[in-house]
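Working notes, beginning with the structure itself.
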Amino acid sequence: MTPHLPIVGIGASAGGVEALEGFFRAAPAENGMAFVVVTHLPPHRDSLLAEILGRATRMPVVNARDDQPVEAQHVYVLPPGAVLTINEGRLRLRHTGAAERERAPIDVFFTSLAEDHGEHAIGVVLSGGGSDGTLGLKALKENGGLTIAQGANLTRLRFADMPSNAVAAGFVDLVLPVEEIPERIIAYILNWAALDTERSDEALSKIHTLLRTRTGHEFSEYKDRTFQRRVQRNAACRWSRQQNSRITSIGCKKTRMKFVRYSAIY
């Protein structure tokens, strides 16, 4: 597995096939990421999901296998009657019987992805009923990952419960039309390189001072990398919400512009 390979976990349920097709049609084949798709499937029925998604992208799309290493520009799909996790960049597949069917497979995978990949993990919740994915996004967010939920889009959100429940719980960084999600993830990842090099103490000090003035909290004791990653993520998320809702407050705009500008510094 490529060091620091970004892995995107995607959860979907009812109405999710259409959303998944929209996602992968919008994702360029050369993207430097791996994708793992987890859906709710009847345990004793063959699934054509890998084949269907294979027609929407030029990336290889395969059913996940146990102990399979995750590679960039590949899509891995949870097969029926199984639970999927990840450990040290390798997929772990456990087959289940009808009596032990996992009712929250998205939460299970997202939680393992958060523990395995930390800040290099991204979780996306698409169309579906119920609340599966909410706790998984919580784990991703707590471990520094990026969390995204599907919003209104050209590919109609047929069942809004899953993304809406995650948003209501406060665990979602971005709410986006499905066609915009790949581009936003790529833009987020491209900024990682800026955080991998040494940055001046002066730039960090400016950020600490700005946040202390705005919030009253002291952030200078955070580890530099953790602090930088959180600034980057929050800048992107706040700017997105500003654009989507067309906030007119000059004070809010100035604050968000500063976040974007300072995150670009380092």
Side-chain angles (χ1 to χ4, degrees), residues 1-12 16-39 49-65 68-78 84 86 88-91 106 109-110 112-114 116-127 133 136-137 140 143-151 153-155 163 172-196 229 232-233 235-237 239-240 263-264:
M1 184 188 69
T2 305
H4 305 310
L5 170 67
I7 298 181
V8 182
I10 306 175
V17 173
E18 184 180 5
L20 286 164
E21 289 179 302
F23 179 96
F24 284 109
R25 287 195 185 102
E30 300 293 328
N31 53 60
M33 298 178 284
F35 302 87
V36 181
V37 177
V38 179
T39 61
L49 183 58
E51 180 181 337
I52 292 170
L53 297 184
R55 295 195 289 265
T57 177
R58 291 190 289 111
M59 291 182 285
V61 182
V62 298
N63 283 317
R65 303 190 315 270
Q68 186 173 23
V70 175
E71 299 180 59
Q73 276 97 239
H74 283 66
V75 181
Y76 305 89
V77 178
L78 171 68
L84 191 63
I86 187 169
E88 296 183 351
R90 303 182 79 90
L91 298 176
I106 301 169
F109 180 74
F110 280 6
S112 73
L113 179 62
D116 192 65
H117 248 57
E119 63 187 23
H120 298 101
I122 298 103
V124 179
V125 171
L126 302 179
S127 174
L137 291 186
L140 286 164
N143 283 273
L146 180 69
T147 59
I148 302 174
Q150 180 184 359
N153 47 55
L154 297 176
T155 300
V172 174
D173 293 317
L174 297 172
V175 180
L176 296 169
V178 71
E179 294 86 359
E180 295 180 13
I181 294 175
E183 179 182 5
R184 189 61 61 87
I185 293 174
I186 291 169
Y188 174 77
I189 291 171
L190 286 175
N191 285 329
W192 283 2
L195 302 182
D196 290 334
R229 184 73 75 205
Q232 178 205 28
R233 184 179 66 183
C237 298
W239 181 253
S240 173
S263 65

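Owing to the predicted nature of the structure, the values given are computational and were not obtained by experimental measurement.
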Q: Report yes if the side chains of Val62 and His74 come closer than 4.5 Å at any heavy-atom pair, otherwise no.
A: no
Q) Do Ile185 and Val8 come close enough that some side-chain heavy atom pair is under 4.5 Å? A) yes
Q. Mind checking what makes ring-ring contact (aromatic ring centres under 6.0 Å, His included) contact with Phe24, not counting sequence neighbours?
A. Phe35
Q. Taking the side chain as C-beta and beyond, is there a heavy-atom pair between Ile189 and Ile122 under 4.5 Å?
A. yes
Q. So how far is it from Leu113 CG to Leu84 CG, rounded to the nearest 0.5 Å?
A. 10.0 Å
**Q.** Rounded distance (nearest 0.5 Å) linking atom CG of Leu126 with atom CD of Glu18
**A.** 11.5 Å
Q) For the residue pair Gly32 and Ala72, what are the closest heavy atoms and their distance? A) C-CB, 4.2 Å
(Q) Just to verify, what does Ser112 make a side-chain contact (heavy atoms from CB on, under 4.5 Å) with, not counting sequence neighbours? (A) Thr85, Ile86, Phe109
Q.
So Asn31 and Gln73, do their side chains get closer than 4.5 Å, heavy atoms only?
A. yes
Q: Please report the shortest heavy-atom distance between Ala149 and Pro163, naming the atom on each side.
A: CB-CB, 3.9 Å
Q: Mind checking the CD-CZ spacing from Glu179 to Arg25? Nearest 0.5 Å is all I need.
A: 9.5 Å
Q) Between Val37 and Tyr76, is any pair of side-chain heavy atoms under 4.5 Å apart? A) no
Q. For the residue pair Pro69 and Arg90, what are the closest heavy atoms and their distance?
A. CD-NH2, 3.7 Å
Q) What's the shortest heavy-atom distance between Ile106 and Gly11, and which atoms? A) CD1-CA, 3.7 Å
Q. What distance do Asp116 atom CG and Glu88 atom CD have between them, rounded to the nearest 0.5 Å?
A. 7.0 Å
Q. Is the shortest heavy-atom distance from the side chain of Leu78 to the side chain of Thr39 under 4.5 Å?
A. no
Q.
Between Glu21 and Ala56 (side chain of the first, backbone of the second, donor and acceptor by atom type, cut-off under 3.5 Å), is there such a pair?
A. no
Q) For Val70 and Leu5, which heavy atoms make the closest approach, and how far apart are they? A) O-CD2, 3.7 Å
Q. Given side chains that start at C-beta, do those of Val125 and Phe110 come closer than 4.5 Å, heavy atoms only?
A. yes
**Q.** Closest non-hydrogen atom pair between Ala121 and Leu140, with its separation
**A.** CB-CD2, 3.6 Å
Q) Hey, what do you get for CD (Glu71) to CE (Met33), rounding to the nearest 0.5 Å? A) 15.5 Å
Q. Are the side chains of Arg184 and Ile148 in touch, meaning some heavy atoms are under 4.5 Å apart?
A. no
Q: Quick one: sort the His117 and His120 rings into parallel, tilted or perpendicular, breaks at 30° and 60°.
A: perpendicular
